[in-house]
Trainee: 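Dumping the structure here so I can ask a few things about it.
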There are 2 protein chains.
Amino acid sequence: MDLEAVRTFVAVADAGRFQEAAADLSITQQAVSKRIAALEKDLAVRLFTRTARGARLTVDGQAFLPHARDLLRAEERAADSVRPARRALRVDVINRRIAPAALLRGFHGAHPETELDVVTLFDADTAIAAVRAGTIDASFRAVALPPQQLPDDIGTARVLDDPLRLLTGPGHELAGAGAVTLAELAGQRIWMPGNAAGTEWTAYYDRLAAEFGLIIDAVGPNFGSDALLESIAGSPTLATFVGEHDRLVWPAHYDLRRIVVHDPTPVYPHSLVWRRDNPHPALAALRAHLDSTRPDAPDDTLWTPT
Amino acid sequence: MDLEAVRTFVAVADAGRFQEAAADLSITQQAVSKRIAALEKDLAVRLFTRTARGARLTVDGQAFLPHARDLLRAEERAADSVRPARRALRVDVINRRIAPAALLRGFHGAHPETELDVVTLFDADTAIAAVRAGTIDASFRAVALPPQQLPDDIGTARVLDDPLRLLTGPGHELAGAGAVTLAELAGQRIWMPGNAAGTEWTAYYDRLAAEFGLIIDAVGPNFGSDALLESIAGSPTLATFVGEHDRLVWPAHYDLRRIVVHDPTPVYPHSLVWRRDNPHPALAALRAHLDSTRPDAPDDTLWTPT
DNA sequence: CCTAGTTCACAACGCGTGGTTGTGCCCTGC
DNA sequence: GCAGGGCACAACCACGCGTTGTGAACTAGG
């Protein structure tokens, strides 16, 4: 289907005459005639009844018209999505299935009129560079740790402290436990594949491991969360951490167990990163929304790196 | 923007490599390269970073991808809307602003997943012919009157009795009346432009006029409801009827008055017309929905032609 | 370190699509 | 019945797009 033909169809439907539509589009009447004929041939349907006083929509044409307008609007939105001037708010998340993505969905639900584009960048450094460059408007990252030096033109706000749960298969020794303390996890192997040294994740888990004696196992390539979950499901010794707000899904027959960790509960600190002089109106709306859903003040039963 | 290029873009994004996408599309790798280059030139943005192991999406490419998929889905829906096999339910209404259109909106709200195409045909005869031919799936018409002979293969159901209100401008002698009886309207001029003799509307209003002594004035061309409302607003003698469920809108400064008519209240009987052997599943859903919102049994305070 | 095998891009060529001009038919309205 | 407006068909031309052929860049493996 040719979008120019669709555009021509809408122009004719609006004008009521081929000639007028041709003038609107700055082409000849014959070209309009050809485009419509081609579209009709493509759809194998007659779109207009030609009369001596112009062209009237057939029933098929009437049915097609709103879909044609939809199509042109979709084209417009697609083009806008990469137009630097007025494009949708572009936000980076580490992963579409974890907590920040859920925050974004919440924002979208509260502001359905806001155009939103979600992207995923490689690591925190490239994300912050992209924020500074204006390539993206905001990023959800764990910048609180390690207390790294951020440039002055970058603003950050802690937006969610996500409590971690222990995820095990049905054969794991802790599978039946309703809850465990962090101290009880000393010596357990926690599998976090693909978290190569230097990323923000390892900065967090290294400290957690050091403080409570866990064994964080980051070996092996990351084949994605599906592969990770399958391995966990079949292993009696492997476990992993997932956030309470993560939206991981797995087949029911995996029979995975999500076990509460308490005394203290480790929480993963998600922050929003943005450039202070970014004037995008939706960015202000996003920050306001996240402010309104911000977590309560940290209490003693929660653990984050200091 | 070329839809083939967009389709190619999605194919490359899915495959991760130009070559594989080319195989999927049954073209050469060079053609894929050209299409992507053309799309990137059109959008003035780089969509992929080319590596020796394939192509990875840039940030712009990531932002563009969901919109590209949207665009292709919109194309699919547009094509489906005129494909005889699996097309949306196609329903005819007399006018998009009057009560049957509101019923359709109610149905769409209750069944948002149902694809619906609304069209408008010239008159009841062509609508019924289109229903028989399968060009449309259903039509809202006032077939109850006159008791015309309908073919056996056509089913009908009374779906809404819409109470009529008198619409006047602020200078009309009845403008201040809170309510009037039908008998009090004897001798009043009711303007219904464009309702040429023989249409279903005139069949109704002719009987109403004959029974209560109204003067139905159908002269003059129908310039649309906007023009009608403007004329009514400025006239001290003209009035018209509108249905309670009609969704006419007019500027606030017109100061139009909608006056209840009672003892009895004239109601306009809207029916649904369909072909009995039409197997479209959404047709059954529409009929069930209309059944559930069907008007109560007629009572003595309502008037319809007998 | 060099080679074999990827990857994608560039060049040259040819066909087909889609634009233009010119003309004819048909319907409407005076 | 004739004039005028509206759309379709025909011929022509050019640009676009797909093809084949080749080259440059990068990766992986010995």
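Chain letters run A, B, ... following the sequence lines, proteins first and then strands; every chain starts at 1.
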Trainee: Consider the side chain of B/Ser33, meaning its heavy atoms from C-beta on, and name the nucleotide among C/dC8, D/dA8, C/dA9 that approaches it most closely.
Mentor: C/dA9
Trainee: Could you state the CZ-C1' distance from B/Phe18 to C/dA9, rounded to the nearest angstrom?
Mentor: 10 Å
Trainee: Say you draw a straight line from CG of B/Leu43 to CZ of B/Phe9; how long is it, rounded to the nearest 0.5 Å?
Mentor: 9.0 Å
Trainee: Show your working on salt bridge (charged side-chain N to carboxylate O under 4.0 Å, His left out) between B/Asp60 and A/Arg90 and close with a plain yes or no.
Mentor: CA-CA 9 Å; B/Asp60 285 313; A/Arg90 200 178 273 182; 2.7 Å; yes
Trainee: Can you label the angle between the B/Phe18 ring and the B/Phe48 ring as parallel, tilted or perpendicular, going by 30° and 60°?
Mentor: perpendicular
Trainee: Any salt bridge between A/Glu40 and A/Arg50, counting N to O under 4.0 Å?
Mentor: yes
Trainee: Rounded to 10°, tell me the angle between the two end axes of the helix from C/dC1-D/dG30 to C/dC30-D/dG1, each built from five pairs.
Mentor: 30°
Trainee: Figure out the CZ/P separation between B/Arg56 and C/dT7, and round it to whole Å.
Mentor: 16 Å
Trainee: How long is the straight-line distance from OG1 of A/Thr120 back to CZ of A/Phe140, given to the nearest 0.5 Å?
Mentor: 12.0 Å
Trainee: Using a 4.5 Å cut-off on heavy atoms from C-beta on, say whether the side chain of A/Ile128 contacts that of A/Val273.
Mentor: yes
Trainee: Find the distance between CD1 (A/Ile94) and CG (A/Leu121) and round it off to the nearest 0.5 Å.
Mentor: 11.0 Å
Trainee: Between protein and nucleotides 1-3 of chain C, what N or O pairs are separated by less than 3.5 Å?
Mentor:
none

Trainee: To the nearest 0.5 Å, tell me how far B/Leu39 CG sits from B/Leu3 CG.
Mentor: 10.5 Å
Trainee: Within this structure, what is the CG-OG1 distance for the pair B/Leu238 and B/Thr240, rounded to the nearest 0.5 Å?
Mentor: 9.0 Å
Trainee: Measure CZ/B/Phe48 against P/C/dA9 and give the value in whole Å, please.
Mentor: 10 Å
Trainee: Give the rounded distance in Å between these two atoms: CD of B/Glu4 and C1' of C/dG18.
Mentor: 16 Å
Trainee: Taking atom P of C/dG19 as reference, at what distance in whole Å does atom CZ of A/Arg7 sit?
Mentor: 12 Å
Trainee: State whether A/Arg17 places a side-chain N or O below 4.0 Å from either non-bridging phosphate oxygen (OP1 or OP2) of D/dG6.
Mentor: yes
Trainee: Which residue is it: A/Tyr205, A/Tyr204, A/Trp191? I am looking for the one with a side-chain contact (heavy atoms from CB on, under 4.5 Å) to A/Phe241.
Mentor: A/Tyr205
Trainee: Distance only, no hydrogens: is a donor on one side chain within 3.5 Å (strictly under) of an acceptor on the other, for A/Asp117 and B/His67?
Mentor: yes
Trainee: If you measure from the Lys or Arg side-chain nitrogens to the Asp or Glu carboxylate oxygens, is any gap between B/Asp70 and A/Arg73 under 4.0 Å?
Mentor: no
Trainee: Find the distance A/Gln19:CD to D/dG4:P and express it as a whole number of Å.
Mentor: 15 Å
Trainee: Would you list the protein and nucleotides 19-26 of chain D atom pairs, both N or O, that sit under 3.5 Å from each other?
Mentor:
| from | atom 1 | to | atom 2 | distance (Å) |
| --- | --- | --- | --- | --- |
| D/dT19 | OP2 | B/Thr28 | N | 3.1 |
| D/dT19 | OP2 | B/Thr28 | OG1 | 2.9 |
| D/dG21 | O6 | B/Gln30 | NE2 | 2.6 |

Trainee: Whole Å only: how far is the CD atom of A/Glu20 from the C1' atom of D/dC7?
Mentor: 15 Å
Trainee: Identify, between A/Ala37 and A/Arg53, the residue whose nearest nucleotide on DNA chain D lies closer to the 5' end.
Mentor: A/Arg53
Trainee: In terms of side-chain heavy atoms of A/Arg35, which of D/dG18, C/dG19, D/dC7 is nearest?
Mentor: C/dG19
Trainee: Rounded to whole Å, how long is the line connecting atom CG of B/Leu39 with atom P of D/dC17?
Mentor: 12 Å
